[in-house]
Amino acid sequence: MIRVISDEAYKELEAAVGPDNVSRLPVVLDSYAFQPFENHESMPWCPSPVAVALPSTTEEVSEVIKACNRHGLKHKAFSTGWGMWCGPTTDNVVQIDLRRMNQIVEIDEKNQFAIVEPYVCGAQLQAEAMKVGLNTHIIGAGPNTSPLASATSMYGVGHDGIYMSYSARNVLGLEWVQPTGEVLRLGSPGSDKGWFSGDGPGPSLRGTMRGYTGALGGMGVFTKVALKLFNWPGPPQVKSSGTVVDLTSEIPENIGLYMCFFPNADKLADAYYDIGEAEIGYNSLKVATPAFMMVLAPHLFKKLKDTKNLSRMLGKTMGHLFLMLLAGTSKEDLAHQERVLEAIVDEHDGFILDQKNIPPLKSNFMMNFIRATLPALVFRIGGSFSTALGRNDSLDSQVTWGEAIADIKRGYASKGQIIDDMGDNPYFVPYESNMFAHCEVVYPYDHRNPRYLEGSNNITMDFIIGAVELCMEAGFGTLPPARKILSPLTSNYNYWQKKFSEAFDPDQGSDKGLYTDETEFDFSEIAPERVAKLERLVKERTWTELGPPE
Amino acid sequence: MALEDYRRDIEGCSRCSSCKWVPYNQIKSWRFSKNCPSIYRHNFHTYSGSGRMVIGLSLLEGRVELDETVAEIIYKCQLCGACDSACKTYRDDIDISEVLLELRAYCVEQGELLIEHMAMIDALKREGNTLGEPKAQRGDWAEGLDVKDVNAETCDVLFHAGCRYSYDRDARQTARGHVQLMRSAGMGVGIAGKEESCCGGRAYELGYRGEAANYADDVLSLVKSSGAKTLVTACADCYSHFQYVYPKMGKELPVEILHVSQVTEKLLDSGKLRFRRKLPLSVTYHDPCHLGRKGEPFAGVWKGDKLDRPMNLKRSGRKGVYDAPRNVIDEIPGLELTEMERIREYAWCCGAGGGVLEAFEDFSASTTAERIAEALATGAEALVTSCPWCLRVFKDAVEETSACIAVYDLTDLALMSAGIAQPAAV
Ligand SMILES: Cc1cc2nc3c(=O)[nH]c(=O)nc-3n(C[C@H](O)[C@H](O)[C@@H](O)COP(=O)(O)OP(=O)(O)OC[C@H]3O[C@@H](n4cnc5c(N)ncnc54)[C@H](O)[C@@H]3O)c2cc1C
Ligand code: SF4
Ligand code: SF4
C-alpha cells in the first residue's frame, strides 16, 4: 500500500505549484520509487514518495519546502533523476522534480558563463554554447545529466576535465532554496552584483554549498547556477549523421584525436604530468582497450573473450593507453600542439596512433567524445554496472589504486560474480593541470540476475579494504553503511557534514539519508577474516581529535 | 506475448531519461531537444517511456491497481516510438514500444477501456473503418478512375487506400492522385473499393488484439485473392502494420509491401516517371512515425536473453523509410529542402497516433503545434509529409492558428511536377 500525503498538505502543495503540477496518485508515486541504478539493497525500488511536486520557479520551490516543513514532511529534489540517490531514503518524503525549471537563463558570451536552471541538460547547454564559440563541462555519465546538479549536488567529473576542470570548480554564482525555505544567493549574485564570481562580493560558496561529493539532495534545493564556459574553436554546429555507435561527423581542421600508447602505467602517468605542464589537451581519458571494444561490439567480444589469451594480448599491447583530443585555435595551432604531444609521448617511450589516419574512427569518436555520449554504452554489456569507489587524488596514486582495484575486479570476474569485460575498465580522467585525476573502476553486471546481486556486499567490502590498505581515500562514501566505516578514517568528514546540516537545516527537513546518515554495514555475508582485517585497519587508521593517526 | 514476458525489459531500465531526449549527438538547440510528446505535455516521469514501463512493473507486482486513472495515463501516449529509438541508442535489451502495446492489451483484457476508443472500435466493427463512415461509401474516392476492381479481376499491384484516404474530405483527392501517378507510369493497379477493410492497426494499438487479428485476416485473404505481387499503400499507419504488426501476429502478407513514396522513387529511378515542372518552393519534410521508425520491417522474435539478441533482430528504428521521400523531394526541380532539427528516427510526432487524436484532442493539438513550430523555425514555405493522419492534423492546426506555412502530401507535389494533376494545398 503506497502512503500518500494528507489532504491538507496536498492542498498547500497545489496552492504552491498549481493543481496540474502536484500528484499523489499511487501510479505516479510508484514511478518515482523506481530507481534501480546502484540500488543494491532493494532493487529496483526505493521508498515511495508521498507526493511529487513540479515547481517552475524559485518561489514555488520555496513554497513547496515551507509547506512540507509545516506538515512535518521531508523534501528531496532532483534535476534529471538518474540513480538511486535521487529517490527518497525514507517514508514521508515529498519528491521535488525540477523538470519544469528548464531554462538557460543567459549565455554571456563576452564573460564566458551561462546561468542555468536544474533541468537544462549538458547536451542542450553545449549545443547553445557552441553557437557562440563556447563549450561547457559535461560529466562522464553523459549529456543527459544536469550541469547544475553536478556543480551543486553530486560529484562532477568528466573527460573534458583536462580543459574544463571539475563541475564544482566552475560555479560563478548560485541560487539556493535552503531547507527552511529561505532563498540565498551565493557569490557575486548574493550582493546583486551579477553572476560572475563564486566567492563574492557576497557570501562565498566554497565549502558551504558542497564538499567533494555534494549533499545529494540533503541540503535544500539549488535553483540556478552560473557556470563558467570555455573556448570552443569548432563550428557553431558540428554536422553529424547517426546517433552514437553509427555517428559520423564532419571534422574541423583544427581538431585532432590521438590514441597514445605506453609500455606501462608509470610512463603513462609521467606523460600526463608533462602534458599538464605544456597546457595542451581539450579532452582526455585513459582507456582499457578490451573493455572499450566490448562496449562498442558487445556480442562479438562476449564471444571472443573466452578465446585463449585474447584479453591478455590486448591488455599487454594496449593496456596503457589514453585518448587525447586536441583543439587548436587554428590549423597551425593544432599542428603545434600535435608536435608537443608527439615529443612528450616519445620521451616516455610511447607511440601515437593519429586518428586522422583512420577517418571513420575519428569521425565517430570526435562528437561522441566531446559530448560524452560514449560512456553510457557500458550498459550494453550486462544491462547495468557499478563502479569501485570513484575517488579524486594525485595522478600517481590513482594509477596505483587503479591497478590494485583491477586485481580485485579480476578475481570476481573469474568467479563469474561480475561480467568479465576483459579489462580494468577505469573511468580515469586527469584535471587540475593533470596533477589530479579521478578514477573509478567500472564493473558490468546484470542487475536482473540475483546471482550478481548476492555478491555485491562482498565486492564493496573488498574495494573498501583495498583502498584503506593502500592508505587511500576510499571515495564515494555516500551510502550510510560505507559512510559509517569511512568517515572516521577520512578526517571525520561526516562529523562536519552533520554540523553544516544542523546549521542550515535546524528542523532536518531535507531528506539527508545520503548526506549524513550512518547505518551498520551488513557483514553477514563477509568472511570472518575479511571482517577482522577491516576492524584492524579501522583501528589503526581512525583519526583522533588531533588529526590523522601516526 | 503478454506484459509479463517483458518484465526483464522493464527491469532493465536504468532511468537514464534518454527516452525523453533526442539522441544527444543530434541535439542542435535547447528549443527542439525533447522527443516524447507525452512527458513534454504532462511532465511527471510516469508519462515517459521509462515511466510507462514502470507502470507495467507496478501492475505486475501488484503495487498499483489498474483503474480508470491508470488507464488514462497509459493511453495518453501517441505510441510514436521516439522513446524506443532513443533508448536503443544505448540499449540492446529493452523494447519500450512492445511494453507500451502490452499495457494497452492488458487494459482491454481487464476491461479498463476509454469511451472514445470503444466508440471507435464499435464503428470499426459496424462499418469496417476507424472514422465511423458508411462502409458502402469506402470506394467512392475512386469513382471514375481508370483502375481495376480486384473483386472482379486480378491485378499486379494492389493499392490499399486505408481509412483516412478513403473518407477524409481533403485526402480523397490525393488518394486519386496516388493511383493516377502509378497508372501514368503504366502500373496495373487494382483496388478493392468498398470491399477494402481497415488494416486493423488502430485496433491493435488500442489493445484490441482480437479485432486486429480479424482485420489482418480480411486483408490477407483479399491480397491473396487479388493475385497481386505488390501491395502499395500511401498510409504510414497501414504500412507499419503490414510490415511489422502482421508478421508479428503470424499473418505475414505474401507480397512485396511498398509505401507510395518508395514506388515514386522507383518510378523515377527507372525513368518511368519524370518531373518536368519547376516548383519554386522551400519545404521541410516531416517523417511520419509509422513510416519512419515504426515502418521498420519485422525481423523476427528473439526468445533468449536480449543481451545476446542478434543486432538484426533489434528494432532500432533506423531501418524505416526515410530516404525515399527525401529522394523524391530532391528530384522535384525547384524544391529546396531544409530539414527540421528532429528528423528520421528521432522525429517529433504529428500528434495523431495511438488513439490520442480520438481521446485527448488537446494533447494531440499541442503535439501538432510543437511540430508546426519546428517547421516554421526552418523558414520553409511548406511542410511536406507522406501520411494522411499527419496531414489531417497539420492542416487543421495551420488553419486554426493561421500559421504561415502550406501543408502538402508528397504525392501532390509529385503530381504537380510531373504535370499529372494540380491539387490545391491548404
Ligand atoms: C550511470 C551513471 C554514471 C555516472 N557517471 C558520473 C561521472 O562520470 N561523473 C560524475 O561526476 N558523476 C557521475 N554520476 C553521478 C552524477 O554525477 C549524478 O547522477 C548527477 O550529478 C548528474 O546530474 P543529474 O541531473 O543526473 O542529477 P540527479 O540525478 O537529478 O541528482 C543527483 C543528486 O543530486 C541531487 N540534486 C540534483 N539536483 C538538485 C538540486 N537542484 N537541488 C538539490 N539537490 C539536487 C539529487 O537529490 C541526487 O541526490 C553518474 C551517475 C550515473 C547514474
Ligand atoms: S532510455 Fe531506456 S533505459 Fe533509459 S530511462 Fe528510458 S527506458 Fe529506461
Ligand atoms: S511512444 Fe511517444 S508519446 Fe509514448 S512514451 Fe514513447 S515517446 Fe512518449
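Because the structure is a prediction, the values reported are computed rather than measured.
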Measure distances from B:I10 to the heavy atoms of chain A and classify the residue's part below 4.5 Å as side chain, backbone, both or neither. backbone

Evaluate A:Q237 against B:S29 for side-chain contact (heavy atoms from CB on, under 4.5 Å), listing each step before the verdict. CA-CA 9 Å; A:Q237 192 191 102; B:S29 71; over 6 Å; no

side-chain contact (heavy atoms from CB on, under 4.5 Å) partners of A:S42, counting only residues at least two apart: A:N39

Report which part of A:D446 has an atom under 4.5 Å of a heavy atom belonging to chain B: side chain, backbone, both, or neither. side chain

Is A:H299 reaching over with its side chain to a backbone N or O of B:R309, donor-acceptor style, under 3.5 angstrom? yes

Check B:R63 against A:A33 and note the closest heavy-atom contact, atom names and distance. NH2-CB, 4.1 Å

B:R318 side chain vs A:G242 backbone, donor-acceptor pair below 3.5 Å: no

Under the 3.5 angstrom rule, does the side chain of B:R15 hit a backbone N or O of A:G81 as a donor-acceptor pair? yes

Would the distance check show the side chain of B:W30 and the main-chain N or O of A:N102 forming a donor-acceptor pair, the cut-off being under 3.5 Å? yes

Check each atom of A:R380 against the heavy atoms of chain B and say whether the ones under 4.5 Å are side chain, backbone, both or neither. both

Which of parallel (below 30°), tilted (30 to 60°) and perpendicular (above 60°) describes B:H45 and A:Y32? perpendicular

Go through the atoms of B:K34 and report whether side chain, backbone, both or neither lie under 4.5 Å from a heavy atom of chain A. side chain

For B:E265, what residues pass the salt bridge (charged side-chain N to carboxylate O under 4.0 Å, His left out) criterion, not counting sequence neighbours? none

B:I73, part contacting chain A, at a heavy-atom distance under 4.5 Å: side chain

Does a side chain donor of either A:T373 or B:N25 reach within less than 3.5 Å of an acceptor in the other side chain? yes

With a 4.5 angstrom heavy-atom cut-off, could you sort out which part of B:E65 is near chain A: side chain, backbone, both or neither? neither

Can you give me the closest heavy-atom contact between B:F44 and A:N21, atom names plus distance? CZ-C, 3.7 Å

Choice from A:L125, A:L29, A:N368 maximising heavy atom contacts with chain B below 4.5 Å: A:N368

Can you say whether A:L54 sits under 4.5 Å from chain B via the side chain, the backbone, both, or neither, judging by heavy atoms? side chain

Closest approach of A:P298 to B:D92 (non-hydrogen atoms, all atoms of both residues): CG-OD2, 4.0 Å

What heavy-atom pair brings B:S18 and A:N144 nearest, and what distance separates the two atoms? OG-ND2, 4.5 Å

Could B:D9 and A:R448 be called an ion pair, given the rule that one side-chain N must be under 4.0 Å from one carboxylate O? no

Quick one: which of A:T243, A:L25, A:T145 has the most heavy-atom pairs under 4.5 Å with chain B, could you say? A:T243

Looking at chain B, which one of A:S384, A:C121, A:G142 has the largest number of heavy-atom pairs inside 4.5 Å, strictly under? A:C121

Closest approach of A:T80 to B:S17 (non-hydrogen atoms, all atoms of both residues): O-OG, 3.7 Å

Should we say atom CD of B:E339 is surrounded by more than 12 heavy atoms from elsewhere, each under 6.0 Å from it? yes

Expected output: side-chain B:R91 to main-chain A:G383 donor-acceptor under 3.5 Å: yes

If you tally heavy-atom pairs under 4.5 Å between each of A:V378, A:D246, A:I370, A:I381 and chain B, the highest tally belongs to A:D246

If I measure from the heavy atoms of chain A, does B:T69 come under 4.5 Å with its side chain, its backbone, both, or neither? side chain

By a 4.5 Å heavy-atom criterion (distance strictly below it), what part of A:V116 contacts chain B: side chain, backbone, both, or neither? neither

Between A:E128 and B:K28, is there a donor-acceptor pair closer than 3.5 Å when you use the side chain of the first and the backbone of the second? no

Checking side-chain contact (heavy atoms from CB on, under 4.5 Å) for the pair A:V27/B:L59: CA distance, chi angles, key distance, verdict? CA-CA 9 Å; A:V27 66; B:L59 291 170; over 6 Å; no

Is there a side-chain contact between A:Q124 and B:R31, using heavy atoms and a 4.5 Å cut-off? no

A:W45 and B:E61 side chains, donor-acceptor separation under 3.5 Å: yes

Which atoms of A:D97 are under 4.5 Å from chain B, going by heavy atoms: the side chain, the backbone, both sets, or neither? side chain

Under 4.5 Å from a heavy atom of chain A, the part of B:S14 involved: both

Verdict with supporting geometry, B:W21 and A:Y119, ring pair (Phe, Tyr, Trp, His ring centres under 6.0 Å): CA-CA 12 Å; B:W21 300 98; A:Y119 199 72; 5.4 Å; yes

Determine the minimum heavy-atom distance between B:C13 and A:H447, stating which atoms define it. O-NE2, 4.4 Å

Leading residue by heavy atom contact count with chain B [cutoff under 4.5 Å; candidates A:C86, A:P143, A:S48]: A:P143

